[in-house]
Amino acid sequence: MLNIVLFGPPGAGKGTQSEKLIEAYELVHLSTGDIFRGEIKAGTELGLKAKALIDKGELVPDEVTIGMVVNKLDQNADAKGFIFDGFPRTAAQAEALDRILEEKGTGITSMLSLEVEEEELVKRLLNRGKDSGRADDQDESIIRNRIAVYNKETAPLKDFYGSQDKLHAIEGIGTLDEVFGRLRAAIN
Ligand code: ADP
C-alpha cells in the first residue's frame with residue numbers, strides 16, 4: 001500500500017494537493033476536517049460537539065478523531081492506499097495510526113510536509129474564508145489560534161516521522177502544479 005501523511009499547517013494546501021494526489025495514485029482521501037464538516041452538516045451529536053471546538057480553532061479530542069479514522073479505514077478495506085490529510089495532528093494520533101496500520105499489516109510510506117510561512121497562511125485562509133463559508137476561516141484571531149495549536153501540538157510530529165526516516169519537507173510556495181511536481185518527485 002501507498003500511505004502518505006500529507007502534513008503542514010492550516011492553509012498550506014493539503015486539501016488541494018490531496019485532490020491531485022488521489023487522482024494520480026488512485027488513493028483514498030482521508031481528511032479528518034472533511035469528516036467533521038460532514039458530521040456537522042448532517043447535524044449529528046458528534047458534529048455538534050466538534051463544531052464548538054472547530055469554531056474556536058481548537059482540536060477535537062483524540063479518541064473521537066481516532067475512532068472516525070478507524071471507521072473510514074474499515075469502510076475502504078480494499079484501497080490501494082490512503083492520503084491522510086489533517087491527521088495525525090497530535091503525538092497520540094500518530095502513535096495510534098502506526099498501531100492501527102501495523103495491525104492491518106501495513107504502515108506509513110512517507111510524510112510529506114508542506115512548508116509555508118505564517119503570514120502567507122493567514123492571507124490564504126482569510127481569502128478562502130470569503131467564499132468557503134467556513135467560520136474558522138473568517139476571523140484572524142481564530143486563524144492565528146489554529147496556527148499556534150499547529151506549532152505546539154502538531155509540528156513536533158515532524159520529529160516523530162523524521163526518526164523513522166519518513167519525513168520529506170516540501171516547499172509549499174509556488175503554483176499548484178509546481179507544488180504537485182515536488183510532491184510527486186518525493187513520492188517517486
Ligand atoms: P485546516 O488544516 O485548514 O485547519 P481541517 O479541515 O484539516 O483544516 O480541520 C478543520 C478543523 O477540524 C481543525 O481546526 C480542528 O478543529 C478539527 N480537526 C481536523 N482534523 C483534526 C484532528 N486530526 N484532530 C483534532 N481535530 C481535528
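Order of appearance sets the numbers: ligands from 1, and atoms from 1 within every ligand.
Counting only residues at least two apart or on different chains, the salt bridge (charged side-chain N to carboxylate O under 4.0 Å, His left out) pairs with a member in residues 105-122 are E115-K158, E118-R144, E119-R144, E120-K123, E120-R124.
In terms of N/O distances under 3.5 Å, ligand 1 is approached by R37. The N/O atoms of D34, backbone and side chain alike, include none that comes under 3.5 Å of an N/O atom in ligand 1. Among the atoms of G57, none of the N or O lies under 3.5 angstrom from an N or O of ligand 1. For ligand 1, one of its N or O atoms has an N or O atom of R146 under 3.5 Å away. At least one N/O-N/O distance between V60 and ligand 1 falls below 3.5 Å.
What sits closest to atom 17 (C) of ligand 1 on the protein, heavy atoms only, is I54 CG1, 3.8 Å. Considering only non-hydrogen protein atoms, atom 24 (N) of ligand 1 sits nearest to Q93 NE2, 2.9 Å. Protein heavy atom closest to atom 27 (C) of ligand 1, with residue, atom name and distance, is F36 CE1, 3.7 Å. Remark: minimum distance from atom 20 (N) of ligand 1 to any protein heavy atom is reached at T32 OG1, 2.7 Å.
Residues N3 and I83 fail the side-chain proximity criterion, which asks for heavy atoms closer than 4.5 Å. Considering only heavy atoms from C-beta on, L53 stays 4.5 Å or farther from L59 through its side chain. Side-chain contact between T65 and T90 is absent, with no heavy atoms from C-beta onward closer than 4.5 Å.
For the pair D137 and R146, the salt-bridge criterion is met [side-chain N within less than 4.0 Å of a carboxylate O].
For the side-chain contact (heavy atoms from CB on, under 4.5 Å) test with M68, the passing option among T32, V60, I35 is I35; the others fail. A side-chain contact (heavy atoms from CB on, under 4.5 Å) with D85 holds for exactly one of H29, Q17, E19; it is H29.
Residue contact annotation: L53 has no non-hydrogen atom under 4.0 Å from ligand 1. Residue contact annotation: R128 has a non-hydrogen atom under 4.0 Å from ligand 1.
The ligand atoms of ligand 1 that sit less than 4.0 angstrom from a heavy atom of T65 are 22 (C), 23 (N), 24 (N), 25 (C). Listed by atom number, the atoms of ligand 1 under 4.0 Å from G33 heavy atoms are 5 (P), 6 (O), 9 (O), 19 (C), 20 (N).
Contact annotation: for E58 versus ligand 1, heavy atoms closer than 4.0 Å belong to the backbone alone.
Without hydrogens or angle criteria, K80 side chain to M1 main chain gives no donor-acceptor distance under 3.5 Å.
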Next on the checklist: Between T16 and S18, is the side chain to side chain contact (heavy atoms under 4.5 Å, CB included) condition met? List the steps.
Outcome noted: CA-CA 5 Å; T16 314; S18 289; over 6 Å; no

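No cation-pi contact links K166 to Y161, judged by a cut-off of 6.0 Å to the six-membered ring centre and 45° from its axis.
Evaluated by nearest non-hydrogen atom to atom 22 (C) of ligand 1, the leading choice among E153, R134, R89 is R89.
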